[in-house]
Asker: 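Could you have a look at this structure, given as structure tokens, before my questions?
No hydrogens, no waters, no symmetry mates; every other heavy atom, side chains included, goes into these values. If you're wondering where the values come from, they're calculated on a predicted model, not measured in any experiment.
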Amino acid sequence: MKNKRSRIKVSKIFIMIFFLCFVGAIGKVLFVSLSKNVDGVNLTVFANNRNTVKKTLYASRGNIYDVNGDIIAQNVNSYTLIAYLSESRTTDPDNPEHVVDKEGTAKALSEVLGMDYEYALARLNVKGAYQVEFGVKGKNLSENTKVAIDALDLPGIDFIVGSKRYYKKSKMASYIVGYAKNNDEGEIVGEMGVEGYYNDKLKGTDGHTEYQRDAYGYQMGDAYTTEPISGSDIYLTLDTQIQLILEDAVHTLEDKYNMGWFTFSVMDAKTGAIVGSASSPNFNPNTLEDLTNYVNPLVGYTYEPGSTMKIFSWLAAMENGIYNGEDEFESGTIKIAGATIKDFNYKGWGKISYDTGFAYSSNVAATKLALELGNVKLKEFYEKLGFGSKTGIELPGEESGIIKLTYESELASASFGQGITTTPIQTLQALSILTNDGVMLKPYIVDKIVDDKGNVTYDGKKTELGKKVSSESISKINTLMYDVVYNGLTTIWQPNNVTLAGKTGTAQIASSNGGYLTGDINYIRSFAGVFPYEDPKYIIYVSAKQLDGGVTALANVVTNAVESIANYANITNNDTDIDYSKIINVDNYISSDTNEASKRINDLGLDVITIGNGSNVINQFPIKNTEVLAGSKIFLQTDSNEYIMPNIKSWSSSEVMNFCNLIGLKYKFSGYGTVSNFNILEGSIIDKNKILEVNLKLE
């Protein structure tokens with residue numbers, strides 16, 4: 001009986017203990033649920049921090065190259081400066097891992113970054129911050145700036161590694177290439193040009209990584225990662241050497257004359273590939289500080305083209321059977337719908353033939369042909385050549401222009417390029433009929449796209465848009481364009497080393513108040529041409545608004561550029577000792593012994609220009625597989641610490657550019673022709689901080 005009472009007593013004790021534990025547990029739960037801090041841990045922070053972290057792994061953006069593989073745009077490392085302020089980072093006082101001397105650190109950083117000292121100090125005095133950044137001046141830092149800050153050996157100073165877009169050739173083809181910049185999430189996003197048009201292909205596919213983190217932000221367990229897929233590389237049809245010649249033409253006009261804008265584009269006559277396109281104004285995509293106009297001149301400028309349209313109104317008359325070039329008309333003036341249309345000299349040249357009327361750019365001749373042709377037929381012919389529609393080239397912001405021919409007066413003005421609007425790219429497309437026996441080619445700017453595995457996913461190529469004009473009419477108009485340059489009213493459009501056929505244009509500028517602007521400079525002057533005339537390789541189109549140097553200034557820079565392109569492409573017709581029947585395919589000399597490479601080049605009958613006294617070749621121009629004529633210059637850059645100025649007298653401007661581009665020397669030309677003198681002493685060590693000033697003179 002006693003044992004039974006004892007067991008009952010023990011059971012009651014256990015029940016009581018269990019009850020007290022249960023009550024205690026409930027109390028603990030209530031305490032935890034109602035309290036912010038338990039055992040020194042802020043539970044709210046703990047709950048918020050202990051979660052799944054998912055971070056985006058941005059794909060590496062693809063590069064942009066020219067047609068020869070010369071890099072134009074690429075990603076480079078950039079750095080964001082940070083400072084650790086929390087003393088909790090330091091475990092060894094002898095090796096602090098947080099900012100200890102705030103005043104000294106602020107002073108040192110402000111001197112390197114050009115940052116205000118008080119601002120830097122304020123950032124280091126942010127209360128309760130674990131780490132801080134330093135605003136705009138502390139972002140997108142270059143490798144050189146990072147090295148300079150690292151050399152200061154400042155405790156608590158570190159960097160976040162990122163990337164940014166870098167444009168190796170600065171302003172070159174800026175509106176074609178466009179630009180890309182980092183957004184708020186750190187992703188590089190393309191805007192304008194090829195960067196914007198092909199942003200999705202260039203950016204690739206982002207990856208991500210996931211992991212659990214604890215209350216203190218540290219990773220718990222393994223991370224699960226999906227690797228990013230790098231973006232595709234894009235190769236443009238631009239040829240850097242031709243592009244630099246066009247950029248030089250732009251700079252020449254900018255340096256000497258005032259103007260509203262200027263465009264200069266070159267297209268491969270047989271394929272439709274755009275090999276160069278320069279404009280003024282342009283901008284530096286690395287800084288964007290001088291970007292004021294977001295419209296790409298090649299595809300987005302619409303304006304009244306002027307007399308270059310006579311190429312196509314004359315063709316319309318030929319194709320409709322109403323043209324006889326030997327027929328004569330009275331030049332000077334003609335009255336249409338109460339208005340008087342005049343030739344540019346107002347009085348004309350008496351009675352002349354329609355062939356001569358084209359060479360003299362007679363508005364009266366164009367009007368007479370258009371009136372006989374009629375509104376419908378001229379409009380249909382213009383539209384058949386692509387005017388009034390977008391070409392579809394791989395660039396954003398293309399405009400279509402306006403072709404409106406309702407009234408007789410509109411018909412007359414449209415025949416000489418007034419009252420309608422076109423774009424440069426439309427004109428280039430239409431001009432392609434001249435070099436392809438009447439077949440029109442679609443212009444293109446992308447040569448190929450290559451994915452991260454090296455597969456070509458897009459191959460730019462010649463695209464024929466159909467035969468638009470008969471062979472007979474094309475032969476006739478090409479002859480007339482030759483006469484403009486060589487049998488017309490002026491000789492200023494004649495290059496010295498190649499035969500050029502073309503047509504000039506002078507268009508009045510429409511006023512916002514109606515009618516047209518007046519004054520000597522208020523015109524858009526243009527030139528459309530092909531060369532060499534005998535077998536055209538290139539089509540050019542140039543236009544300039546409000547150029548105070550007039551048509552002479554425009555002709556000077558255009559013919560000089562044509563000469564340089566002809567030299568570069570080996571299509572000159574000069575009488576020299578060069579054997580033009582011997583074409584040589586350039587080999588690869590990079591990594592070769594300098595003396596050995598020089599001997600091999602000389603043995604081929606080529607002129608070797610060795611840059612520097614190094615024992616090995618590190619770069620060359622022209623590149624491997626380029627076809628050159630016997631006697632051409634081959635530039636070899638060696639692994640030398642310094643470069644000696646050669647004698648460049650009698651070099652062409654393109655040869656000077658090739659030399660300067662290889663060693664990174666800036667240059668400036670004046671005059672036209674070949675080198676007569678230059679400012680850097682022959683045989684002296686070249687200082688790359690100086691500008692090579694070259695005077696050119698026609699021989």
Asker: Passes side-chain contact (heavy atoms from CB on, under 4.5 Å), W493 versus V551? Steps please.
Answerer: CA-CA 10 Å; W493 293 100; V551 66; 3.9 Å; yes
Asker: Give the intermediate values and the outcome of side-chain hydrogen bond (donor to acceptor under 3.5 Å, both in side chains) for residues S277 and S265.
Answerer: CA-CA 4 Å; S277 183; S265 298; 2.9 Å; yes
Asker: Taking the side chain as every heavy atom from C-beta outward, state whether I540 and V542 have any atom pair closer than 4.5 Å.
Answerer: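 Side-chain contact under 4.5 Å: no.
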Asker: Specify the closest pair of heavy atoms between G178 and P285, including all atoms of both residues, with the distance to one decimal.
Answerer: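 Taking G178 first and P285 second, the nearest heavy atoms are O-CB, 3.8 Å.
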Asker: With a 4.5 Å cut-off on side-chain heavy atoms, are L431 and V530 touching?
Answerer: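 A side-chain contact is absent here, since even the closest heavy-atom pair is not under 4.5 Å.
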Asker: Give a yes or no on whether K462 atom NZ has more than 12 heavy-atom contacts from other residues, nucleotides or ligands under 6.0 Å away.
Answerer: yes
Asker: Can you give me the closest heavy-atom contact between E682 and P646, atom names plus distance?
Answerer: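 Residues E682 and P646, closest heavy atoms: CG-C, 4.0 Å.
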Asker: side-chain contact (heavy atoms from CB on, under 4.5 Å) for I601 and L636? Distances and angles first, verdict last.
Answerer: CA-CA 10 Å; I601 293 171; L636 299 181; 3.7 Å; yes
Asker: Measure from the side-chain N and O atoms of D233 to the backbone N and O of N63, and report whether any donor-acceptor pair falls under 3.5 Å.
Answerer: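 A pair under 3.5 Å: yes.
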Asker: So do I176 and N296 actually touch side chain to side chain, heavy atoms under 4.5 Å?
Answerer: yes
Asker: Considering only residues two or more places apart or on different chains, which pairs with a residue in residues 273-301 satisfy salt bridge (Lys or Arg N to Asp or Glu O under 4.0 Å)?
Answerer: K171-D290
Asker: Do any N or O atoms from the side chain of T435 and from the backbone of A269 form a donor-acceptor pair under 3.5 angstrom?
Answerer: yes
Asker: Please give me the minimum heavy-atom distance between Y167 and A180, naming the atom from each residue.
Answerer: OH-N, 2.7 Å
Asker: Let me confirm one number: the CD1-OG1 distance from I245 to T240, rounded to the nearest 0.5 Å.
Answerer: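 Interatomic distance, I245 CD1 to T240 OG1, rounded to 0.5 Å: 11.0 Å.
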Asker: Evaluate the side-chain hydrogen bond (donor to acceptor under 3.5 Å, both in side chains) criterion for residues E191 and Y179: first the C-alpha distance (whole Å), next the side-chain angles of each, then the deciding distance (0.1 Å), finally the verdict.
Answerer: CA-CA 5 Å; E191 299 184 20; Y179 68 91; 2.8 Å; yes
Asker: Would you say T80 and E133 are linked by a side-chain donor-acceptor pair, where the criterion is simply a distance under 3.5 Å?
Answerer: no
Asker: For N641, does the CG atom have more than 12 heavy-atom neighbours from other residues, nucleotides or ligands under 6.0 Å away?
Answerer: no
Asker: Kindly give the heavy-atom pair with the smallest separation between C660 and L692, and that separation in Å.
Answerer: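 C660 and L692 have their closest heavy atoms at SG-CD2, 3.7 Å.
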Asker: At what distance, to the nearest 0.5 angstrom, does CG of N570 lie from OG of S632?
Answerer: 4.5 Å
Asker: Between L604 and I634, is a side-chain contact (heavy atoms from CB on, under 4.5 Å) present by the stated rule, with each step listed?
Answerer: CA-CA 11 Å; L604 291 172; I634 305 296; over 6 Å; no
Asker: Given 3.5 Å as the limit, does a donor-acceptor pair link the side chain of N258 with the main chain of D548, or not?
Answerer: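 Side chain of N258 to backbone of D548: no pair is present.
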Asker: Would the distance check show the side chain of D248 and the main-chain N or O of A561 forming a donor-acceptor pair, the cut-off being under 3.5 Å?
Answerer: no
Asker: Mind checking side-chain contact (heavy atoms from CB on, under 4.5 Å) for T638 and listing every partner two or more places apart, or none if nothing turns up?
Answerer: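 Residues passing side-chain contact (heavy atoms from CB on, under 4.5 Å) with T638: T594, T610, S640.
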Asker: Mind checking what makes salt bridge (charged side-chain N to carboxylate O under 4.0 Å, His left out) contact with E394, not counting sequence neighbours?
Answerer: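 Residues passing salt bridge (charged side-chain N to carboxylate O under 4.0 Å, His left out) with E394: none at all.
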Asker: How long is the gap from CZ on F264 to CG on L246, to the nearest 0.5 Å?
Answerer: 5.5 Å
Asker: Using a 6.0 Å cut-off, check whether atom CG of L152 has over 12 heavy atoms from anything other than its own residue.
Answerer: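 Buried by this count: over 12 neighbours within 6.0 Å.
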Asker: Distance-only, no hydrogens or angles: does the E247 side chain make a donor-acceptor pair with backbone N or O of A173 under 3.5 Å?
Answerer: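 Checking the backbone N and O of A173 against the side chain of E247, a donor-acceptor pair under 3.5 Å is found.
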Asker: Once you round to the nearest 0.5 Å, how far does CD1 of I609 lie from OG of S598?
Answerer: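 Answer for the CD1-OG pair, I609 versus S598, is 10.0 Å.
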Asker: Would you say that more than 12 heavy atoms from the other residues, nucleotides or ligands in this model lie under 6.0 Å from the NZ of K146, or not?
Answerer: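 Enclosed.
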Asker: I274 and P443: which non-hydrogen atoms are nearest, and at how many Å?
Answerer: CD1-CB, 4.3 Å
Asker: Applying side-chain contact (heavy atoms from CB on, under 4.5 Å), run through V498 and I565 and close with a yes or a no.
Answerer: CA-CA 10 Å; V498 69; I565 294 171; over 6 Å; no
Asker: Give the C-alpha distance, both sets of side-chain angles, the deciding distance and a yes or no for salt bridge (charged side-chain N to carboxylate O under 4.0 Å, His left out) between D535 and K270.
Answerer: CA-CA 10 Å; D535 182 18; K270 303 302 184 185; 3.6 Å; yes
Asker: Check whether any side-chain heavy atom of S279 lies under 4.5 Å from a side-chain heavy atom of W261, and answer yes or no.
Answerer: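 Side chain of S279 against side chain of W261, heavy atoms only: no contact under 4.5 Å found.
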Asker: Using a 3.5 Å distance criterion without hydrogens, assess whether the side chain of N497 forms a donor-acceptor pair with backbone atoms of E563.
Answerer: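 Yes, the answer is positive, given that a donor and an acceptor are paired below the 3.5 Å cut-off.
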Asker: Check each of V194, L236, I445 against V177 using the side-chain contact (heavy atoms from CB on, under 4.5 Å) test, and report the only one that passes.
Answerer: L236
Asker: Measure the spacing between OH of Y541 and OG1 of T263 and express it to the nearest 0.5 Å.
Answerer: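 The distance works out to 6.5 Å.
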Asker: With side chains defined as the heavy atoms from C-beta onward, is the minimum distance between L500 and F527 less than 4.5 Å?
Answerer: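 Yes, their side chains come closer than 4.5 Å.
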Asker: Any side-chain heavy atom of K137 within less than 4.5 Å of one from L81?
Answerer: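 Side-chain contact under 4.5 Å: no.
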Asker: Filter on salt bridge (Lys or Arg N to Asp or Glu O under 4.0 Å), then keep only pairs touching residues 634-661, sequence neighbours left out; what's left?
Answerer: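 Of all non-adjacent pairs touching residues 634-661, those that pass salt bridge (Lys or Arg N to Asp or Glu O under 4.0 Å) are K633-E655.
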Asker: Would F283 and Y175 count as a ring pair (Phe, Tyr, Trp, His ring centres under 6.0 Å) here? Give the steps.
Answerer: CA-CA 8 Å; F283 65 94; Y175 278 100; 5.1 Å; yes
Asker: With sequence neighbours left out, write down each residue that passes side-chain contact (heavy atoms from CB on, under 4.5 Å) with N68, or none if nothing qualifies.
Answerer: D66, D239, Y568, I623
Asker: Check each of W651, Y643, Y589 against F635 using the ring-ring contact (aromatic ring centres under 6.0 Å, His included) test, and report the only one that passes.
Answerer: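 Only match with F635 under ring-ring contact (aromatic ring centres under 6.0 Å, His included): W651.
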Asker: Say you draw a straight line from OH of Y198 to CG of D200; how long is it, rounded to the nearest 0.5 Å?
Answerer: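 The distance works out to 11.5 Å.
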Asker: Ignoring hydrogens and angles, tell me if any N or O in the side chain of N77 forms a donor-acceptor pair with the backbone of S163 under 3.5 Å.
Answerer: no
Asker: Determine whether F621 and V586 make a side-chain contact, defined as any pair of heavy atoms from C-beta on separated by less than 4.5 Å.
Answerer: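 No, side chains not in contact.
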Asker: For D153, I'd like to know if atom CG has over 12 heavy atoms of other residues, nucleotides or ligands within 6.0 Å.
Answerer: no
Asker: Contact between I149 and Y79 at the side-chain level, heavy atoms closer than 4.5 Å - yes or no?
Answerer: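 The answer is no, as the side chains (C-beta and beyond) never meet within the 4.5 Å cut-off.
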Asker: Counting only N and O atoms by type, is there a donor-acceptor contact under 3.5 Å from the side chain of S174 to the main-chain atoms of S170?
Answerer: no
Asker: Who are the salt bridge (charged side-chain N to carboxylate O under 4.0 Å, His left out) partners of E195, not counting sequence neighbours?
Answerer: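 Expected list: R61, R165.
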Asker: What are the two closest non-hydrogen atoms of V617 and A597, and how far apart are they?
Answerer: CG2-CB, 4.2 Å
